[in-house]
There are 4 protein chains.
Amino acid sequence: MATEKLDTATRREQIAEAALALISEKGMQGLAIASLARRVGLVNSALYRHFNGKDEVLDAMLDLIGDRLMANVKAVRRESARPLDQLRQLLMRHIRLIRENQALPRIVFSEEIYSGKPERRTKLFNIISRYLTNVSDIFSEGQKNGTIRSDTDPLVLAVMFLGLIQPAAILWHLSNNKFDVTKHAEKAWGIFADGLSR
Amino acid sequence: MATEKLDTATRREQIAEAALALISEKGMQGLAIASLARRVGLVNSALYRHFNGKDEVLDAMLDLIGDRLMANVKAVRRESARPLDQLRQLLMRHIRLIRENQALPRIVFSEEIYSGKPERRTKLFNIISRYLTNVSDIFSEGQKNGTIRSDTDPLVLAVMFLGLIQPAAILWHLSNNKFDVTKHAEKAWGIFADGLSR
Amino acid sequence: MATEKLDTATRREQIAEAALALISEKGMQGLAIASLARRVGLVNSALYRHFNGKDEVLDAMLDLIGDRLMANVKAVRRESARPLDQLRQLLMRHIRLIRENQALPRIVFSEEIYSGKPERRTKLFNIISRYLTNVSDIFSEGQKNGTIRSDTDPLVLAVMFLGLIQPAAILWHLSNNKFDVTKHAEKAWGIFADGLSR
Amino acid sequence: MATEKLDTATRREQIAEAALALISEKGMQGLAIASLARRVGLVNSALYRHFNGKDEVLDAMLDLIGDRLMANVKAVRRESARPLDQLRQLLMRHIRLIRENQALPRIVFSEEIYSGKPERRTKLFNIISRYLTNVSDIFSEGQKNGTIRSDTDPLVLAVMFLGLIQPAAILWHLSNNKFDVTKHAEKAWGIFADGLSR
DNA sequence: TATGAATGAGAATTCATTCAT
DNA sequence: TATGAATGAATTCTCATTCAT
């Protein structure tokens, strides 16, 4: 009715963000086209002017996630010079990202992401791979400057890095946010770092 | 039509197993009562003789998962005497479990599991907690006999233990089973074990 | 399991009574074969040994109702000699019958009675007609002995007689049993009786 | 396919009317969302754009009934000045209403109407109560101007008034429309009116 | 660009009934 | 006679999507 008419570029952004928020709040099930449209002040069918269908919305949302992950990497690269410090900060940023955006783990596992469109699975794989590559670059640097043991594949370390957070995120989620992810991550990082230096 | 008549106890088992398998193949979305029934050779409505509804099926399925996790723990406890060996073997068993049963990670994050029934979230939390407790018991033993550093909460170690597998499992899943979880787990375990001893 | 095996004649009675009771309590919707069977201590399918299907149960139930209506007529015929007294007592008995057995009005109006089987509609019509004939006989007697005006068709009077109760029964029903049927019937009878004598 | 698009206000009316008609023809059991939708030329799910569910349809239908009852009262109030004439005309209108709309008595007793929603029973009670109040107002007027005996509660008279039609309506219904309600009502009114004046 | 109406596919669930034991 | 398992049809409701305006 009183809905402002906005151009598609703007709407696409709005909608992708809304999708992310909606999933964070209600889970993948809550991501119905109707709710999504309503959230950006549109009606059901109006959404189709900007996206060709739900699939496209999901794709846009994945891109958004990729952007946020990369933004985190860039930020820690800027904020500190020493690889180990960068990693520690990235760890904390990642936790914050997940906490503020529970959609992330939900999406990663949700088969809505895959079902029907195998390309989307690939897309998500690429996003995560790119993140992992960037993380492993940091490890590599540490190996070069001698602060991290050199006898291990930095990609393995990058995957392990994710493993410092993930199960904790699940527990946080399942425990109705009672499990303290941050505290766990700090302790886990300590042990991991010990393994890193020898 | 020519469906054999089986008693409810048998059917419940069959159905819970089928649910697990179905999720592994098609994701939570594939878990429709109709598909489930068809899979065990029944018709839609026949399933309701054995379960009161989908909720009950999901509960039974969670129990099944819990059983399998605990069975793994018991097995490694039996097979080896040394905590570190037990853990390594548990790691491998866990990977096999997930590989054969992709349902596991999907279930954990799928809020379809919870929606409407918050008690089920708790149920799942309890299942995982119990597993973690058992794993941490192994760590404790290692600490007592001096093979594992004593300055760390064994529960933190148990959560980290899960972290050795989880992200790898995701990558395996996203890469269409190309990512080699086992190899990753071996390397990761090496590094983790180094951190454990000092 | 421990269900006693009874002969069909006994079971049929049991079941018809149970049907009546069930409808009184839960309405026509509550009359599911499953509930009915359970109520007489049988299992679903066992009921089919005694009845050929739900239709037959309904028929048996209608017969039961017919019996009760006729029993009331016979009773008041016996208890008193004067037609007007008989009618008044029948009114009270009818009310009691309905109160103890809310099934009656529900059945009369329920289309489950009609739908599918037009013969059942006829059957019910016959039952009510027989009741009406008997009631009109009483009016006739009153006309013969001069206590009731003779210028009216006794059948019309019999139908009016039913009308003294019916709307009150509905109100009683809709008001959660707050509306006082008996009191209404008494007053209504007074006015009706006035019309009867002149 | 070629279904014309109509606005919700129109559709709601159509649907409520259709519900009434459908019940008249097939009884409460025939009132399935699918049949209802088909009757107004819609498909199953389209109905949900206009009503939130079956409950809402039933509510709208009850309102429609209330409206019709009150419309009748208003009409006879307008058409004649003398209470007794008004009542006689209302009687005839009521009969016509029921004949054209057999749904009415069926609805009153069908507990499908209430089940799950006790408020709807109250709603129906209120509708009927309002009708009765209006009818009793006519009786009151008659008492005031001396054409109706004053020694009786006008509400009792109003309930009796309904009783002049109801059982006849049932017989009409059960006899496959052979029983002549109008003729009965005329005779019954005569006797009732006699009772009214003394 | 945005709306409101309509569609069609599919989901969970209920229930009368059949059948082998 | 009674049971437990299985069936098939029906029912309400949800949701992504299309289409005319």
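Chain letters run A, B, ... following the sequence lines, proteins first, then strands; residues in each count from 1.
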For this session: Would you please enumerate the stems DNA chain F participates in, each stem being three or more consecutive Watson-Crick or G-U wobble pairs with both distances under 3.5 Å?
Result: E:2-21 with F:2-21
Exercise. Which atom pair, heavy atoms only, marks the closest approach of Leu6(C) to Gln14(C)?
Worked result: CD1-NE2, 3.5 Å
For this session: Could you check how far NZ of Lys26(D) sits from P of dT11(F), rounded to whole Å?
Result: 11 Å
For this session: Send over the distance from Arg38(C) CZ to dG4(F) P, rounded to a whole Å.
Result: 13 Å
Exercise. At under 4.0 Å, does any side-chain N or O of Arg49(A) touch on OP1 or OP2 of dA2(E)?
Worked result: no
For this session: Consider the side chain of Lys5(B), meaning its heavy atoms from C-beta on, and name the nucleotide among dA6(F), dT3(E), dC19(F) that approaches it most closely.
Result: dA6(F)
Seminar exercise, completed: Between Val57(C) and Ala19(C), the two heavy atoms sitting closest are CG1-CB, 4.2 Å
Exercise. Between atom CD in Glu56(C) and atom P in dT17(E), what is the gap in whole Å?
Worked result: 10 Å
For this session: Grab the NE2-C1' distance between His50(A) and dA2(E) for me, whole Å please.
Result: 8 Å
Exercise. Which of residues 6-13 of chain D sit near DNA chain E, with a heavy atom under 4.0 Å from it?
Worked result: Leu6(D), Asp7(D), Thr8(D), Arg11(D)
Seminar exercise, completed: In whole angstroms, the gap separating C1' of dA2(F) from CD of Gln14(C) amounts to 13 Å
Exercise. Which whole-number value in Å describes the distance from Leu47(D) CG to dG8(E) C1'?
Worked result: 15 Å
Exercise. Which one of Arg12(A), Arg68(A), Arg39(A) satisfies the salt bridge (Lys or Arg N to Asp or Glu O under 4.0 Å) criterion with Glu17(A)?
Worked result: Arg68(A)
Exercise. At their closest point, which heavy atom of Lys54(B) faces which heavy atom of Leu31(B), and how far apart are they?
Worked result: NZ-O, 2.9 Å
For this session: Without swapping roles, check the side chain of Asp7(A) against the backbone of Thr10(A) for a donor-acceptor pair under 3.5 Å.
Result: yes
Problem set entry | Least distance between heavy atoms, His50(B) atom then Leu42(B) atom | CD2-CD1, 4.2 Å
Could you run down the sub-3.5 Å N/O contacts of the protein with nucleotides 10-13 of chain E?
unit_1	atom_1	unit_2	atom_2	d
dA12(E)	OP1	Ile33(B)	N	3.3
dA12(E)	OP1	Lys54(B)	NZ	3.0
dA12(E)	OP2	Ile33(B)	N	2.9
dT13(E)	OP2	Tyr48(B)	OH	2.8
dT13(E)	OP2	Lys54(B)	N	3.1
dT13(E)	O5'	Tyr48(B)	OH	3.4

Exercise. Does Ala103(C) offer a backbone N or O that forms a donor-acceptor pair with the side chain of Ser24(C) under 3.5 Å?
Worked result: yes
